[in-house]
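Single-structure report; data block below.
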There are 2 protein chains.
Amino acid sequence: MKSAVQTEDLAAKFKALADPSRVRILELLKKPSCCAVDVPGGLCACDIEGQLDLSQPTISHHMKVLREAGLVEASKIGQWMWYRRNEKAITELAEAIRSAV
Amino acid sequence: MKSAVQTEDLAAKFKALADPSRVRILELLKKPSCCAVDVPGGLCACDIEGQLDLSQPTISHHMKVLREAGLVEASKIGQWMWYRRNEKAITELAEAIRSAV
DNA sequence: TCTTCATATCGATATCTATCAATACACTGT
DNA sequence: ACAGTGTATTGATAGATATCGATATGAAGA
């Protein structure tokens, strides 16, 4: 039987995806980088903000949720935050949903 | 680009999984049937209730959420509701999370 | 140091959700 | 018809969440 922590952890990750804006953000992060940070893959917060019609604090909140769920990673580069998908965690979640859940 | 309805639909499915009790229910539904309904796979509501330490109305609520998300199917057999996983929808969601999201 | 820009945090609020007790509904056997 | 059983709905409530404006933090450049 699955442990309670595993179940809780799965639910927490799904909760992070349980919002259209956050699903959209994960879509956007698939695109090649187009922000000031010259790194392939990922985006910085201002670019995400430019595409979602949400306020800057709201975007910041969503990124925090995605990060704490482990689905997105972030690094500070200069004054920008560079966000990118954690493909490993995403793939593991996809596996869990099919077999383990 | 993904359409808004697709994004909304994905988020709706994730929202259905964004609760430990409902993740647990999907686990339970993997087990072979052990309820009065003599059909392989799936469970009836009373069996789920017996394993989750939640009230009957709460279980009923969770099953409704899972059904409306399309992740679980239900049939009435006599006075029992027979619930089973919609493996097709679950697999599609697993695909979406990895590639499309 | 001062200003500017990018991002995070705070405080407030409206909406949503999980939960239960009570009740209604539906099916079965007597 | 009636009683019993399984499930759904209703109504209420406590807690969570998405959102924003205002403000704070932090980094870069003049």
Side-chain angles (χ1 to χ4, degrees), chain A residues 4 7-8 10-26 28-29 33-39 42-69 71-84, chain B residues 4 7-8 11-26 28-29 33-39 42-69 72-84:
Chain A
T7 303
E8 293 280 344
L10 279 177
K13 285 182 164 59
F14 288 130
K15 193 175 295 185
L17 292 172
D19 181 282
S21 299
R22 290 196 290 267
V23 170
R24 187 93 173 72
I25 289 171
L26 277 180
L28 292 176
L29 289 179
S33 179
C34 58
C35 73
V37 181
D38 194 15
V39 191
L43 290 172
C44 52
C46 56
D47 292 311
I48 297 170
E49 189 185 341
Q51 307 216 26
L52 280 203
D53 200 34
L54 288 174
S55 73
Q56 179 269 321
T58 300
I59 299 289
S60 185
H61 162 70
H62 284 316
M63 299 318 296
K64 186 178 185 180
V65 171
L66 287 170
R67 267 174 68 182
E68 289 182 343
L71 299 174
V72 157
E73 291 174 328
S75 325
K76 189 152 200 170
I77 297 187
Q79 49 191 328
W80 295 280
M81 277 299 271
W82 176 51
Y83 292 106
R84 60 211 178 274
Chain B
T7 303
E8 293 279 344
K13 285 182 163 59
F14 287 130
K15 193 175 296 185
L17 292 172
D19 181 283
S21 299
R22 290 196 291 267
V23 171
R24 187 92 173 70
I25 288 171
L26 278 178
L28 292 176
L29 290 179
S33 178
C34 59
C35 74
V37 180
D38 194 15
V39 191
L43 291 173
C44 50
C46 54
D47 291 312
I48 297 170
E49 189 185 341
Q51 307 217 25
L52 281 205
D53 200 36
L54 288 174
S55 73
Q56 178 270 320
T58 300
I59 299 290
S60 184
H61 162 69
H62 284 316
M63 299 318 297
K64 186 176 184 179
V65 171
L66 287 169
R67 266 174 68 182
E68 290 182 344
V72 157
E73 291 175 329
S75 325
K76 190 154 200 169
I77 298 186
Q79 49 189 330
W80 294 281
M81 276 300 271
W82 176 51
Y83 291 106
R84 59 210 177 275

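Proteins come first, then strands; the chains are lettered A, B, ... in the order of their sequence lines, and each starts at number 1.
Of all the heavy atoms in Ala69(A) and Ala12(A), the pair that sits closest is CB-O, 4.4 Å. Heavy atoms only, all atoms of each residue included: Leu43(B) and Leu28(B) are closest at CD1-O, 3.7 Å. Here the closest non-hydrogen pair linking Ala16(A) and Leu71(A) is CB-CD1, 4.1 Å. Leu17(B) and Val23(B) make their closest contact through O-CG2, 3.3 Å (heavy atoms, listed as atom of the first residue, atom of the second, distance).
Here Leu66(A) contributes atom CG and Lys64(A) contributes atom NZ; the two are 13.0 Å apart, rounded to the nearest 0.5 Å. Here the OG atom belonging to Ser21(A) is positioned 11.5 Å from the CE atom belonging to Met63(A), to the nearest 0.5 angstrom. Atom-to-atom distance recorded for Trp82(B):CH2 and Leu29(B):CG is 10.5 Å, nearest 0.5 angstrom.
Every residue two or more places apart in sequence or in another chain that forms a side-chain contact (heavy atoms from CB on, under 4.5 Å) with Ala45(A) is listed here: Tyr83(A). When the side-chain contact (heavy atoms from CB on, under 4.5 Å) test is applied to Glu73(B), the partners found at least two apart in sequence or on another chain are Arg84(B), Asn86(B).
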Review item, side-chain donor-acceptor pairs of residues 52-62 of chain A, under 3.5 Å, at least two apart:
residue: Ser55(A); atom: OG; partner: Thr58(A); partner atom: N; Å: 3.4
residue: Ser55(A); atom: OG; partner: Thr58(A); partner atom: OG1; Å: 2.9
residue: His62(A); atom: ND1; partner: Arg22(A); partner atom: NH1; Å: 3.0

When you compare the protein's N or O atoms with those of nucleotides 26-30 of chain D, which come within less than 3.5 Å of each other, and at what distance?
none

Might you list the N or O atoms of the protein lying below 3.5 Å from N or O atoms in nucleotides 15-18 of chain D, with each pair's distance?
residue: dA18(D); atom: OP1; partner: Arg22(A); partner atom: NH1; Å: 3.3
residue: dA18(D); atom: OP1; partner: Arg22(A); partner atom: NH2; Å: 2.8
residue: dA18(D); atom: OP2; partner: His61(A); partner atom: NE2; Å: 2.9

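Side-chain N/O atoms of Tyr83(B) include none lying less than 4.0 angstrom from OP1 or OP2 on dG6(D).
If you walk DNA chain C from 5' to 3' and mark each nucleotide with an atom closer than 4.0 Å to a heavy atom of chain B, the marks span dT17(C) to dT28(C).
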